[in-house]
Amino acid sequence: MTLTSADDKPKVPILNVLSKSVFMPENGQSILASGFKDEPYWWEAFRPQAIEAPSLPASTDVVVVGGGYAGLAAARALADSGIQSVVLEAAEFGSGASTRSGGAISAGLSIGKSFTGKSLDYSPDLVRDVVGWAVEAYRGLFDLVEKENIDCHLEQRGRFLGACAASHYEGLRKRYDKLRAGGAADCYLVNREEQRREIGSDYYHGGMVLETAGKLHPALFYGGLLAAVRRRNSITLAGHCRATGLTRSGDGWRIATTAGEMQARHVVIATNGYTGGVTPKLQRRLVPIASHVIATEELPQGLALKLCPRGRTFSETRRVLNYYRLSPDGKRVIFGGRARFTEIDGEKRARLLHAALVKRFPELAEVKVTHTWQGNVAFTYDALPHAGEIDGLHFVLGCNGSGVSMMPFLGDAMGRSIAGRLHGRPHGRMPFGDAPLPAIPLYTGKPWFLPAIGGAFRALDFFDERIR
């Protein structure tokens, strides 16, 4: 979000980021629709489910902590190898980040900078592996949807990455040259004069199209994955059952929960942006950053096609980025971003994102918001997902904003790896498993620094877009 009012004329000092002009539309009318809901739009099609086990087994092969994409995919892979598991979910199944995203997918990862903005260097071998795993995850998502017959509006329509400043377009040009030199054939540059073919907006200074990208309905995908898990009899789902303690017990683990204790040979932590004090070493290695989303009311006939002529998903080069798309029926805009790096109340969230939406599409100034929601994205210090083992605990963590395709992929890989170990056969190389999950300096699990980082990023974006 830039530090200007809705009519795009600077009216506030750069540090006055809480000015009323940022929150209120120029006409003073409410931008909230009648029946406005502070919950995901996606839940209109699939709501989180309260699945509570009648009782927990005294022992099992594997306990999975976290019932999101990664946890369910791990349990599914274990079941297909004849391994029993129990999946613990602290609330309803589907209440976490898996049903709260924008639903965009791609065959790549946004790597190169940490959440602090620090530039990161990766070895050529690691870059090659990361590109390969991202492509595998993307293709694996389509395979999973087909195999389990999940109706979730999955489609490959490409992504437009908009340059928010002229200097950003030059950066995209360099990125494009590297991609092409590396053999990528699915991307091309679009200059400012041509971008109306991709997006009905003059906000950007050109951009880049990546064809191997798409979108789905994240809650319907989750619901289909949950149904696939429920068809497998060797999986026990325990909702409203929080893990409260993990203790080594012989060659395995004793797991304390709000519903009793269990013994397990292995434990998988798949809690991502909701990782807590039960696993302090992991908590200190993950930063939960809030992502906020709104859904608009249905647009006038023809307007949606004008804004999104090719069905793309959209993202941008800002540090405090926004991402957006049309709803699966093509009638609404789903618009997300980091209105703040922490959780904020629903009305404030809606006003901030609506103001950002109108900057990109001024013709939506009178369109109201029907839904708003937020969820935590787990960021790692090296900006990479991780799947591995620490102190005997297995983990799949650190989606870094690419969770829709990457977390099912890594959860499946973890499940197959543990099954191979239990069956006494080689379990292969774990994607992202060779690189240790790095600790974050001066961080104990409470992200006290996020407001300062968010303020600095907004100031830098302002400088790039309005002054530079």
Applying salt bridge (charged side-chain N to carboxylate O under 4.0 Å, His left out) to Asp202 and Arg196, what does each step give before you reach the verdict? CA-CA 7 Å; Asp202 298 317; Arg196 280 270 175 175; 3.1 Å; yes
Show your reasoning for whether salt bridge (charged side-chain N to carboxylate O under 4.0 Å, His left out) applies to Asp412 and Arg416. CA-CA 6 Å; Asp412 179 78; Arg416 290 186 287 106; 2.8 Å; yes
How long is the straight-line distance from CG of Leu364 back to OG1 of Thr296, given to the nearest 0.5 Å? 7.0 Å
Do any N or O atoms from the side chain of Arg319 and from the backbone of Arg458 form a donor-acceptor pair under 3.5 angstrom? no
Taking the six-membered ring for Trp, are His266 and His394 parallel (under 30°), tilted (30 to 60°) or perpendicular (over 60°)? tilted
Side-chain donor or acceptor of Arg332 paired with backbone N/O of Ala295 under 3.5 Å: no
Parallel, tilted or perpendicular, judged at 30° and 60°: which one describes the rings of Trp373 and Trp42? perpendicular
Within 45° of the ring axis of Tyr203 and under 6.0 Å from its six-membered ring centre, is that where the NZ or CZ of Arg360 lies? yes
Would Tyr138 and Phe409 count as a ring-ring contact (aromatic ring centres under 6.0 Å, His included) if you check the C-alpha gap in whole Å, the side-chain angles of each, and the deciding distance to 0.1 Å? CA-CA 8 Å; Tyr138 182 79; Phe409 169 69; over 10 Å; no
If I compare all heavy atoms of Met262 with all of Val63, which pair ends up nearest, and what's the gap? CE-CG2, 3.7 Å
Measuring from atom CD1 of Ile440 to atom CG of Leu286, what distance do you get when rounded to the nearest 0.5 angstrom? 7.0 Å
Look at Glu389 together with Arg421 and state whether they make a salt bridge at an N to O cut-off of under 4.0 Å. yes
Can you name the one residue among Arg349, Lys348, His354 that meets side-chain contact (heavy atoms from CB on, under 4.5 Å) with Leu352? Lys348
Is the shortest side-chain N to carboxylate O distance from Glu44 to Lys37 below 4.0 Å? yes
Are there more than 12 heavy atoms of other residues, nucleotides or ligands under 6.0 Å from atom CG of Asn233? no
Would you check if the distance from the ring center of His205 to the ring center of His168 is below 6.0 Å? no
Look only at the side chain of Thr257 and the backbone of Gly260, and say whether a donor-acceptor pair between them is shorter than 3.5 Å. yes
Heavy-atom donor-acceptor pair, Thr372 side chain to Val293 backbone, under 3.5 Å: yes
Phe432-Trp133 aromatic ring centre distance below 6.0 Å: yes
Minimal non-hydrogen separation, Ile83 against Ala419, with atom names: CG1-CB, 3.9 Å
Side chain to side chain donor-acceptor pair (under 3.5 Å) between Gln195 and Tyr204, intermediate numbers included: CA-CA 8 Å; Gln195 73 182 19; Tyr204 299 105; over 6 Å; no
Please check: side-chain N/O of Thr258 versus main-chain N/O of Arg242, any donor-acceptor pairing under 3.5 Å? yes
Counting only N and O atoms by type, is there a donor-acceptor contact under 3.5 Å from the side chain of Arg312 to the main-chain atoms of Cys308? no
Please check if the side chain of Glu198 supplies one atom and the backbone of Phe160 the other of a donor-acceptor pair under 3.5 Å. no
Before giving the answer on side chain to side chain donor-acceptor pair (under 3.5 Å), spell out for Arg159 and Ser315 the whole-Å C-alpha distance, their side-chain angles and the decisive distance to 0.1 Å. CA-CA 8 Å; Arg159 174 165 63 102; Ser315 60; 2.7 Å; yes
Is a side-chain N or O of Gln374 found less than 3.5 angstrom from the main chain of Ile344, in a donor-acceptor match? yes
No-hydrogen, no-angle side-chain donor-acceptor test under 3.5 Å, Ser291 and Arg100: no
Got a donor-acceptor contact below 3.5 angstrom from the Asn272 side chain to the Gly398 backbone? yes
Not counting sequence neighbours, list each pair that qualifies as a side chain to side chain donor-acceptor pair (under 3.5 Å) and has a residue in residues 220-232. Gln49-Arg230, Asp80-Arg232, Glu148-Arg231, Glu148-Arg232
Under the 3.5 angstrom rule, does the side chain of Asp461 hit a backbone N or O of Val320 as a donor-acceptor pair? yes
Should the heavy atoms of other residues, nucleotides or ligands under 6.0 Å from NZ of Lys368 be counted, would the total exceed 12? yes
For a side chain to side chain donor-acceptor pair (under 3.5 Å) check, start with the C-alpha distance between Ser417 and Arg429, then their side-chain angles and the critical distance, and finish with the verdict. CA-CA 8 Å; Ser417 174; Arg429 183 187 180 199; over 6 Å; no
Quick one: which of Ile289, Val377, Thr380 gives a side-chain contact (heavy atoms from CB on, under 4.5 Å) with Asn400? Thr380
Is it the case that over 12 heavy atoms from other parts of the model lie below 6.0 angstrom from the CZ atom of Arg310? yes
Between Phe361 and Tyr324, how do the two ring planes meet: parallel, tilted or perpendicular, split at 30° and 60°? perpendicular
Distance from Ile294 atom CD1 to Arg351 atom CZ, nearest 0.5 Å? 11.5 Å
Minimal heavy-atom distance between Leu78 and Gly415, with the atoms involved, is CD2-O, 3.3 Å
Pairs flagged by side chain to side chain donor-acceptor pair (under 3.5 Å) wherever residues 89-99 is involved - sequence neighbours left out: Trp43-Thr99, Glu92-His240
Indicate the atoms forming the closest heavy-atom contact of Glu316 with Cys164, along with that distance. CB-SG, 3.6 Å
Closest non-hydrogen atom pair between Leu237 and Leu226, with its separation: CD1-CD1, 3.8 Å
For Leu189 against Tyr169, the heavy-atom pair lying closest together: CB-OH, 3.8 Å
How long is the gap from CG on Leu450 to CZ on Phe457, to the nearest 0.5 Å? 10.0 Å
